[in-house]
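It should be emphasised that the depicted structure is a prediction, and the values quoted were computed from it without experimental measurement. Computed over heavy atoms, backbone and side chain alike; hydrogens, waters and symmetry mates excluded.
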Amino acid sequence: MKKNLIIIGLFSASAILVNCNKKFKSSSNPPTNIGVHTYTPVQIPVGTTDNTPADNPITDAGATLGRVLFYDKLLSINNEKACASCHHQENGFSDTKAFSPGFNTGQTARNSMPICNLINAKGFFWDNRTAKLEDMVLQPIKHDVEMGMERIESLPAKLQTTSYYPELFEKAFGSKDVTKDGISKALAQFLRCMTSYNSLADMTDLMNSWGTNTDPRLTAGQVAGAQLFVQSGCIQCHSGSNLKGWGDEGFANIGLELNYADKGMGKTDPLMEGVFKIPSLRNVALTAPYMHDGRFQTLADVVEHYNSGVKNHPNLSPFLRTGWIPGDTTVRRLNLTTSQKQNLVQFLETLTDVSQLADAKFSDPFAK
């Protein structure tokens, strides 16, 4: 009996070792569509912030490595999820689901944010919890629901066994050694290259004319919507070339609830309940569903929230109140007509950058 137990024990231990080896075995086929792409220089509007650190300048080889990493499912614990699993190029690098499925059976706690123009950002995630892009890119990989590589220190050894990463790392960083720092830097380089400044609104200079544009490529509804965007105060929170939070790091409570189940930044600071990062409106027509919990399915739903649905939360942004009088508790209603609401949506649709959706240098290098 004792002998049988020893055999069973040895068999169990062997099974565990086999499973561990299987878990970290390379299963991706080598990328076949890497191509030769130019990522530098990155297109950035004059006067905007560039968060590229001195120790991680963008190079073509570095961004190329980052692209492969972004699409490679080997970065998850069970080889089932990649960064791109929740950030689809055709959807403005966001997800069509309110909550994205993780590597196992779980779901993310929040909607996947679009990731274009991150080179201009100060602070990441809905709760603004991470200041540096090089740190941000690793968090989904080691998250216990998203990609499951909680012991991220073991990831370099896993990738080292592939036929393609040693060469890509040598081209990017001068050594065939796969490192956690190199993974972080390459992913950050690739994401910084994802800029979007070639929409209809850009080509017609619509955002600088704000309702006075006569470019024949624009409809009357789109021009009227741009004018309403300013008149209705939308521009107070979605400003600058990226139409995102003021100072590149804005966040606000927009009155979605009176009592938030997800406290947002209030998770660590009770005085910030319901406060979330203000995302860019670039490619917003492609990134439904909307808000941190994906509660709104269409842009019309979003416009209607600001038109009539804002809740009078104590932390409500002052921009959503009727005035700047201290202690003012009156929620401002837009009271737009049906055609005005449609015009606002039509303007938001002019922010779609079709060229980014078809750009091969941001596409899946593993696609056959």
Side-chain angles (χ1 to χ4, degrees), residues 45-48 90-92 94 114 116-117 120 195-248 250 252 254-256 278-291 294-311 316-324 330-357:
V46 176
T48 59
E90 65 271 22
N91 301 115
S94 66
C116 76
N117 296 348
N120 301 133
T195 57
S196 174
Y197 298 107
N198 196 32
S199 67
L200 179 61
D202 296 302
M203 292 185 285
T204 59
D205 205 29
L206 179 58
M207 289 184 291
N208 290 324
S209 56
W210 293 120
T212 61
N213 199 303
T214 58
D215 193 297
R217 289 172 289 182
L218 295 169
T219 67
Q222 291 167 339
V223 175
Q227 189 172 23
L228 273 171
F229 190 83
V230 177
Q231 294 174 344
S232 299
C234 308
I235 197 172
Q236 291 175 310
C237 287
H238 293 280
S239 59
S241 60
N242 282 325
L243 297 175
K244 60 183 180 181
W246 60 95
D248 294 322
I254 60 171
L256 292 172
I278 300 172
S280 169
L281 295 182
R282 291 285 183 172
N283 289 320
V284 69
L286 305 172
T287 61
Y290 304 102
M291 306 304 172
R295 66 177 59 199
F296 298 134
Q297 295 299 311
T298 68
L299 286 175
D301 294 336
V302 175
V303 170
E304 190 56 51
H305 167 71
Y306 291 109
N307 187 59
S308 63
V310 175
K311 307 293 192 302
L316 185 66
S317 168
F319 292 127
L320 297 176
R321 298 199 182 279
T322 55
W324 289 90
T330 306
V331 176
R332 179 163 57 89
R333 305 295 182 191
L334 299 184
N335 297 317
L336 301 176
T337 66
T338 298
S339 62
Q340 286 176 319
K341 287 183 282 187
Q342 291 172 344
N343 289 343
L344 261 180
V345 171
Q346 289 167 13
F347 161 66
L348 294 172
E349 290 171 343
T350 69
L351 301 173
T352 300
D353 184 349
V354 177
S355 65
Q356 189 191 51
L357 309 181

**Request:** For R282 and P114, indicate whether the former's side chain and the latter's backbone hold a donor-acceptor pair under 3.5 Å.
**Result:** no

**Asked** Does the side chain of H305 reach to within under 4.5 Å of the side chain of L256, using non-hydrogen atoms?
**Response** yes

**Asked** Under 4.5 Å between any side-chain heavy atoms of S241 and M207, yes or no?
**Response** no

**Request:** Take V310 and L316 through the side-chain contact (heavy atoms from CB on, under 4.5 Å) test and state the conclusion after the steps.
**Result:** CA-CA 9 Å; V310 175; L316 185 66; 3.6 Å; yes

**Item:** Value rounded to 0.5 Å, distance of OG1 in T287 from CG in L299
**Value:** 7.5 Å

**Partner residues of D353 under the side chain to side chain donor-acceptor pair (under 3.5 Å) criterion, sequence neighbours left out** = S196, S355

**Fill in**
Nearest heavy-atom contact between V345 and V303 is CG2-CG2, 4.0 Å

**Item:** From L334 atom CG to C234 atom SG, the distance as rounded to the nearest 0.5 Å
**Value:** 6.5 Å

**Asked** Within the distance-only criterion (no hydrogens, no angle test), does the side chain of S317 pair as donor or acceptor with the backbone N or O of F319 below 3.5 angstrom?
**Response** yes

**Message:** According to salt bridge (Lys or Arg N to Asp or Glu O under 4.0 Å), does anything in residues 215-237 pair up with another residue at least two apart or in another chain? List the pairs.
**Reply:** D215-R217

**Request:** Carefully, step by step, assess S199 and T350 under the rule side-chain contact (heavy atoms from CB on, under 4.5 Å).
**Result:** CA-CA 6 Å; S199 67; T350 69; 5.9 Å; no

**Request:** Carefully, step by step, assess Q222 and Q346 under the rule side-chain contact (heavy atoms from CB on, under 4.5 Å).
**Result:** CA-CA 5 Å; Q222 291 167 339; Q346 289 167 13; 4.1 Å; yes

**Request:** Using the side-chain contact (heavy atoms from CB on, under 4.5 Å) rule, take L351 and N283 through it: C-alpha gap first, then chi angles, then the decisive distance, then the call.
**Result:** CA-CA 5 Å; L351 301 173; N283 289 320; over 6 Å; no

**Request:** Taking atom types as modelled, find out whether N117 and N120 have a side-chain donor-acceptor pair closer than 3.5 angstrom.
**Result:** no

**Complete:** Hits for side chain to side chain donor-acceptor pair (under 3.5 Å) against E304, two or more places apart or cross-chain, chain-then-number order -> N307, S308, K341

**Test side-chain contact (heavy atoms from CB on, under 4.5 Å) applied to T337 - qualifying residues, sequence neighbours left out** = S339, Q340

**Complete:** Minimal heavy-atom distance between T195 and Q356, with the atoms involved, is O-NE2, 3.4 Å

**Prompt:** Could you state the interatomic distance from CG (L200) to OG1 (T352), rounded to the nearest 0.5 Å?
**Reply:** 9.0 Å

**Message:** Using the side chain to side chain donor-acceptor pair (under 3.5 Å) criterion, which residues pair with E349? Sequence neighbours excluded.
**Reply:** none

**Prompt:** Is there side-chain contact between Y306 and L344, with heavy atoms separated by less than 4.5 Å?
**Reply:** no

**Prompt:** Below 4.5 Å, heavy atoms only, C-beta onward: do R332 and T322 meet side chain to side chain?
**Reply:** yes

**Item:** Side-chain heavy-atom pair L320, V331 within 4.5 angstrom cut-off
**Value:** no

**Message:** Checking the side chain of S239 only, and the main-chain atoms of Q236 only, is there a donor and an acceptor separated by less than 3.5 Å?
**Reply:** no

**Item:** Check: D301 side chain, T298 main-chain N or O, donor-acceptor pair, under 3.5 Å
**Value:** yes

**Name of the residue among T48, D202, N242 meeting side chain to side chain donor-acceptor pair (under 3.5 Å) with Y197** = N242

**Request:** Return the set of residues passing ring-ring contact (aromatic ring centres under 6.0 Å, His included) with F229 (not counting sequence neighbours), or none when no residue passes.
**Result:** W210, F347

**Asked** Between atom OG of S94 and atom CG of L286, what is the distance when rounded to the nearest 0.5 Å?
**Response** 7.5 Å

